[in-house]
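A short worksheet on the structure shown next.
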4 protein chains.
Amino acid sequence: MSGGRRGVQRSETARMAILQATAALVARVGYDRTTVEGIAAEAGVGKQTIYRWWPSKSAVMLESLVEGVMLPHTFVPPDTGDIEADLASWLGAMAGFFQDPGNGSLLRSLITAAMDNEEIGARVNEQLGSLGKIEARLSRAEAAGQLRPGVSARLLNETFIGVVVTRLLARSTLTGDDVRELTALVLHGARP
Amino acid sequence: MSGGRRGVQRSETARMAILQATAALVARVGYDRTTVEGIAAEAGVGKQTIYRWWPSKSAVMLESLVEGVMLPHTFVPPDTGDIEADLASWLGAMAGFFQDPGNGSLLRSLITAAMDNEEIGARVNEQLGSLGKIEARLSRAEAAGQLRPGVSARLLNETFIGVVVTRLLARSTLTGDDVRELTALVLHGARP
Amino acid sequence: MSGGRRGVQRSETARMAILQATAALVARVGYDRTTVEGIAAEAGVGKQTIYRWWPSKSAVMLESLVEGVMLPHTFVPPDTGDIEADLASWLGAMAGFFQDPGNGSLLRSLITAAMDNEEIGARVNEQLGSLGKIEARLSRAEAAGQLRPGVSARLLNETFIGVVVTRLLARSTLTGDDVRELTALVLHGARP
Amino acid sequence: MSGGRRGVQRSETARMAILQATAALVARVGYDRTTVEGIAAEAGVGKQTIYRWWPSKSAVMLESLVEGVMLPHTFVPPDTGDIEADLASWLGAMAGFFQDPGNGSLLRSLITAAMDNEEIGARVNEQLGSLGKIEARLSRAEAAGQLRPGVSARLLNETFIGVVVTRLLARSTLTGDDVRELTALVLHGARP
DNA sequence: TCCTAAGCGAGACGGTACGTCCGGTCTTTGC
DNA sequence: GCAAAGACCGGACGTACCGTCTCGCTTAGGA
């Protein structure tokens, strides 16, 4: 009947120590210079305890991310009733967060990791702008007559995240003016 | 008098072999798994010949990119007089090009490279959408009364590139519908 | 009433499985490449069951040896009345046994084990040539006037074992001629 | 024409540093506890420089031995004209040398190494008693009428080395009395 | 015409990190 | 309360590349 397995169970202590050591090292020295041996040392853990549970450094990164150890919060638009202000506030929060050099370097590292790990890519997207929350906010705005029907929440989400990432690529800052301008562009359109 | 230098001159053959080997390897195995020793071997060149002229792998990448060895062409919107069609055509061309798995993987590698080399980031941006060309196209559209004045070419450029990159992150495709919808969103705005 | 101890007693099945697995592995892959984990797996036993009862791999080896699981028999000279023939027969038996590649490799493993475990060294000596038996045989020969008094049984024993070991070191065979020659060499000096 | 190879030649400095570090570590901590990483560190050399030129730890050992870095000298009988005294002196020199705990542990390590490397076995034999030198000494003794003709130098050599090795196995000392007794045992038979 | 200063392919060097293997300890569950 | 299972920390293994260095060769001015 049972099938229950014998032996010691996986240590949650070790798991969390690893995820936290990973986040700490990535923030401190960047993704490239974060080594598995370094994580093990920082976590006070044997290297094999990492390789037993994760196939690669980027998988550890991913889990650290998913567990919310790495990025402290997801970015979600508020709801003040004014859709334009709310979207600007959301974009501004992301822009402000990644303006900090440490956080910018962290996101660069995550994107590097995402580029050779599909799951991390999906997860980074999700943590930057949680699609469900965006959809909810937009449908409320639509119901309030602030948006025309049928606007794709997904594309709008990607537009904002995309600009943040593009500025990261180019190492330039997304200013308050840029935030307002992009929000206006998207909401009012470029046509006269 | 002269000051002209003696000895063998830098070998253009070796230089091109290195740039091409780099492009080939990045396309074949990705940026991370491309090694300087691999490039040297692929190019039939000594390792020192690379380190003599470039400080790092990413610098070689950059030059390969700048020389057009890596990405075959820049993406520039046409000018048919219809700004909406032209922008859609430009975005569609990028989307179509990177839909090919090889090209998609190449762009992923370029972005990875960009993440640790600022100049590559700038260059990738430029090769995807050359800002000057976009500005020119937009100002013609503005003159033709198709756009309201003051629309930021830079933000529009980044919006399009950003969405391409974001889809690349998530490994999902930018369809023809997406292209039309994004173009419309940007040009007409989300408000009713 | 009882005072006897409670709980399951040590499993003789496990103990023998371990000793036999040890012998099998040492014969198959040699002492160095025999691992405690390998023994546990081969014996179908937990690793701790080994460490609970033995302090080290070489201790398991030793017990396997002592229990006769490893070397099937001790080598003892016969007593036909002719000391020279009897010693030659004893030496020939050892030489013949270790000529078989499997047995040779086993003895090499035993010697390796002996080199880091003093007790194994003593035990191997004893199992090869049991000193007590040799002494008994020699004193009978002495009584029969075949040997001058005072010949050291221990040195004679070591001489024979030593030559076997030396040939093992050099991977060369101790032939029938060698056996006769060595016996003669040693005995003519031992004769009155 | 040439076929001579280009590029930097192997560094003799690194090679000797490695051989000496190996000898030092084996003497200090024993063969088992000598690690390739330890050798590299002791020698101030990269690990790959070891693996580039030797396939295994025991191969390095062998070369250290062959180069005379490990055992400072071969043991060879003197020639005072008195064969019995000379052989006793030779055996006594070996016994005395390996009585020193460091040297004893070194020889144990060498024998361990020899047990899984045939070439080391041959070489250890050769360095302990150089067969050629023994043969020369014995044939001089034979010419001087101190030995009956046809005594096998090889067996005599092996007898002495064998006893040294056997005592090493049993961790017991070969005393001056043992030396005299063994020499006498062997020689009285060898006299005409 | 010779001399000399590059650049070249080759590849050894001291290092760092990889991912695997095993040692010896400890903990959980089942008999 | 022993046995199996197996997770844990530690640390060596052998491999892959890094960026630097030297070697012997070839070629192109300048003397």
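Throughout, a chain's letter reflects where its sequence line sits, starting with A, and its residues are numbered from 1.
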Subject >> C:T49 vs F:dA4: side-chain N/O to OP1/OP2 distance below 4.0 Å >> reply: yes
Regarding the side chain of A:E37, the nearest nucleotide among E:dC8, E:dA12, E:dA17 is E:dA17
Ranking F:dG14, E:dT27, E:dG19 by distance to the side chain of D:V36, first place goes to F:dG14
With the side chain defined as heavy atoms from C-beta on, B:T35 is closest, among E:dT20, F:dG14, F:dC17, to F:dC17
Picking from F:dG6, E:dT20, E:dG15, the nucleotide nearest the side-chain atoms of D:Q48 would be E:dG15
To the nearest angstrom, the CH2-P distance between D:W54 and E:dA12 comes to 13 Å
task = Would you check if the side chain of D:K57 reaches a backbone N or O of D:T34 as a donor-acceptor pair within less than 3.5 Å?
result = yes
Separation between CD (C:E119) and CD (C:E63), nearest 0.5 Å, reads 10.5 Å
Ranking F:dC9, F:dG19, E:dG7 by distance to the side chain of A:A14, first place goes to F:dC9
Here the distance between atom P of F:dA12 and atom CZ of C:R33, to the nearest Å, is 20 Å
From CG of D:D32 across to C1' of E:dC22 the rounded distance in Å is 14 Å
In whole angstroms, the gap separating C1' of F:dA3 from CE of C:M16 amounts to 18 Å
Applying a 4.0 Å non-hydrogen cut-off, can you work out what D:G44 is touching in the nucleic acid: base, sugar-phosphate, or nothing?
sugar-phosphate
Taken to the nearest whole Å, OH/B:Y51 to P/E:dG7 is 18 Å
Between CD1 of A:I39 and P of F:dC9 the distance, given in whole Å, is 14 Å
Side-chain atoms of A:R10 come closest, of F:dC8, F:dA5, F:dG19, to F:dC8
B:K47 atom NZ is separated from F:dT20 atom P, nearest whole Å, by 10 Å
Regarding the side chain of B:V8, the nearest nucleotide among F:dT27, F:dG19, F:dC13 is F:dT27
Notebook entry, point to check: Does D:R10 make a cation-pi contact with D:W53, if we ask for NZ or CZ under 6.0 Å from the ring centre and within 45° of the axis?
Noted result: yes
Whole-Å distance, D:E12 CD to F:dT22 P, equals 18 Å
| message | Check whether C:R33 reaches the backbone of C:Y31 with its side chain - one donor and one acceptor, N or O, closer than 3.5 Å. | response | no
Taking A:E118 first and then B:R108, would you say they form a salt bridge - that is, a charged N and a carboxylate O separated by under 4.0 Å?
no
Margin query: Under 4.0 Å, heavy atoms only, any strand: does B:W53 hit a base, just the sugar-phosphate, or nothing?
Written below: sugar-phosphate
| message | Using only atom types and a distance under 3.5 Å, with no angle test, would you say the side chain of A:S64 pairs donor to acceptor with the backbone of A:V60? | response | no
Counting any heavy atom closer than 4.0 Å, what does C:K57 reach on the DNA or RNA strands: base, sugar-phosphate only, or nothing? nothing
Taking for B:G7 and for B:V45 the nucleotide of DNA chain E with the nearest heavy atom, the one nearer the 5' end belongs to B:G7
Give one of base, sugar-phosphate or nothing for B:Q9, where a contact means two heavy atoms less than 4.0 Å apart. sugar-phosphate
Phosphate contact (E:dC8 OP1 or OP2) by B:R52 side-chain N/O below 4.0 Å
yes
